[in-house]
2 protein chains.
Amino acid sequence: MRLTTKGRYAVTAMLDLALHADNGPISLAGISKRQEISLSYLEQLFSKLRQNDLVSSVRGPGGGYRLSRSSDEIFVAQIVDAVNESIDATNCGGTGSCRNGEICLTHHLWCDLSDQIHDFLSGISLASLVARKDIQEVSERLDKEEALQKAEADSMQRISASSLG
Amino acid sequence: MRLTTKGRYAVTAMLDLALHADNGPISLAGISKRQEISLSYLEQLFSKLRQNDLVSSVRGPGGGYRLSRSSDEIFVAQIVDAVNESIDATNCGGTGSCRNGEICLTHHLWCDLSDQIHDFLSGISLASLVARKDIQEVSERLDKEEALQKAEADSMQRISASSLG
DNA sequence: TATATACCCTACCATTACAGTCAGGATTAC
DNA sequence: GTAATCCTGACTGTAATGGTAGGGTATATA
């Protein structure tokens with residue numbers, strides 16, 4: 001079973017995209033700042049997300065990423081599947097060759113667990129996450145934080161520009 | 001989320017114990033043969049299982065391990081918890097310090113998932129696994145295989161003994 | 001047309017964990 | 001006493017994760 005920072009980052013980034021869907025294409029730089037995820041790492045993740053047709057990209061200045069479809073048609077399971085190889089809880093990858101070519105004692109149990117997890121995450125759309133109050137609160141906090149940092153950066157630049165001029 | 005061969009092996013071994021509960025203490029050597037798990041590795045796992053009071057040990061010849069309570073009072077979640085550090089799906093270990101000391105955007109989602117998995121595995125006792133037909137069939141296959149190998153080994157020893165005498 | 005912004009891609013690397021080995025002990029039935 | 005068994009700790013190869021580095025390529029805007 002593989003559910004690590006990789007899958008979590010991917011879902012977080014996609015949720016960020018869904019939350020800011022109204023602002024046109026969203027740059028990875030923005031996501032990187034808001035969610036504190038390394039930009040290069042995000043690029044790797046979004047490469048896979050694009051290959052799996054979950055996002056589409058716009059190049060050039062003002063560019064960024066967009067969800068490839070409506071947020072109620074994108075589910076957490078799809079995102080995790082896209083960046084992790086599988087969300088399979090078995091050791092054999094579901095093939096049933098876990099003990100010397102045949103199934104092991106606990107094969108069926110892990111199959112059941114896999115189904116359970118998959119069903120759960122398949123039922124959660126980005127739209128349903130966006131609608132959650134606890135998530136909206138966190139999102140607002142991060143947006144404010146980013147705006148604050150941007151204001152600081154701008155003011156620094158103004159000072160530096162005025163000292164030059 | 002950590003669910004790897006380690007946790008799977010532990011559950012498999014405990015299930016083996018439950019299936020052979022009538023035969024007195026079960027040696028790790030036997031489990032190792034039947035389930036094809038390295039003996040040294042099993043020893044490490046059982047050290048943790050013992051610390052978590054899931055099994056009790058009997059030393060000396062004829063010794064081995066026993067379930068520390070009835071198989072309907074031991075649940076899969078407890079076993080996985082005992083050998084893995086946690087079955088937590090969050091990155092922060094549930095503390096909510098996932099993004100710079102505060103919670104990240106997807107914290108609540110991973111908490112929900114953790115609960116989901118934990119509830120599922122907490123509801124499955126060793127007894128309920130032992131009762132499953134598909135598991136009984138696998139178990140019979142492994143027992144036969146072991147008996148066959150033992151018979152072969154014995155016959156080899158007889159030949160070797162007779163050639164010596 | 002120059003330039004800055006942003007996506008895109010490949011190779012590389014440090015750390016960590018897993019899965020397993022090895023070597024030696026301690027305990028106890030026979 | 002000897003063999004079977006549990007018990008413990010140190011060690012190791014491999015693979016994955018999480019991340020860095022350094023190049024590209026496309027395109028909006030001045």
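Within every chain, numbering begins at 1; the chains are lettered A, B, ... in the order of the sequence lines, protein sequences first and strands thereafter.
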- Task: Return the value, rounded to whole Å, for the distance between atom CZ of B:R50 and atom C1' of D:dC7.
- Result: 7 Å

- Message: For a quick check of understanding: with a heavy-atom distance under 4.0 Å over all strands, which category does B:T5 fall into, base, sugar-phosphate or nothing?
- Response: sugar-phosphate

- Message: For the residue pair A:S68 / A:S56, report whether a side-chain donor-acceptor contact shorter than 3.5 Å exists.
- Response: no

- Round to the nearest Å and state the distance from B:I37 atom CD1 to C:dG20 atom P. 9 Å

- Item | No-hydrogen, no-angle side-chain donor-acceptor test under 3.5 Å, B:W110 and B:S114 | no

- Message: Whether B:Y41 contacts D:dT8 is assessed here as follows: a side-chain N or O lying under 4.0 Å from the phosphate OP1 or OP2. Is that the case?
- Response: no

- Task: Measure the distance from CD on B:Q35 to P on C:dA19 and round it to the nearest whole Å.
- Result: 16 Å

- Given the rule in the side chain to side chain donor-acceptor pair (under 3.5 Å) test, do B:S47 and B:Q51 qualify, once you have shown the distances and angles that lead to the verdict? CA-CA 6 Å; B:S47 167; B:Q51 281 164 35; 3.2 Å; yes

- Item | Closest to the A:R59 side chain, choosing from D:dT8, D:dG19, D:dT25 | D:dT25

- Item | Rounded interatomic separation in angstrom, taking NZ from A:K48 and C1' from D:dT17 | 11 Å

- Message: Output the rounded distance in Å from OH (A:Y65) to P (C:dA6).
- Response: 13 Å

- Message: Once you apply a heavy-atom cut-off of 4.0 Å, does B:L45 come out as touching a base, just sugar-phosphate, or nothing?
- Response: nothing

- Query: Pick the nucleotide of DNA chain C nearest each of A:S57 and A:Q44; which residue has the one closer to the 5' end?
  - Reply: A:S57

- Message: Rounded to whole Å, please give me the gap between CZ in A:R8 and P in D:dT17.
- Response: 12 Å

- Query: Between C:dA6 atom C1' and A:N23 atom CG, what is the distance in whole Å?
  - Reply: 17 Å

- Query: Looking at D:dT17, C:dC22, C:dC18, which one has an atom nearest to any side-chain atom of A:K6?
  - Reply: D:dT17

- Message: Check whether B:Q136 reaches the backbone of B:V130 with its side chain - one donor and one acceptor, N or O, closer than 3.5 Å.
- Response: yes

- Hey, which of B:K33, B:R34, B:R141 is the one that makes salt bridge (Lys or Arg N to Asp or Glu O under 4.0 Å) with B:E146? B:R34

- Rounded distance (Å) that lies between atom C1' of D:dT5 and atom CG of B:L39: 10 Å

- On DNA chain D, check which nucleotide each of B:G63 and B:Q51 is closest to and give me the residue with the more 5' one. B:G63

- Winner on side-chain proximity to A:S38, out of D:dC6, C:dC7, D:dT20, is D:dT20

- Query: Hey, does B:F46 reach any base, or is it just sugar-phosphate, or nothing, if we go heavy atoms under 4.0 Å?
  - Reply: nothing

- Report the nucleotide, chosen from C:dC8, C:dA23, C:dA19, that has the shortest atom-to-atom distance to any side-chain atom of A:E43. C:dC8

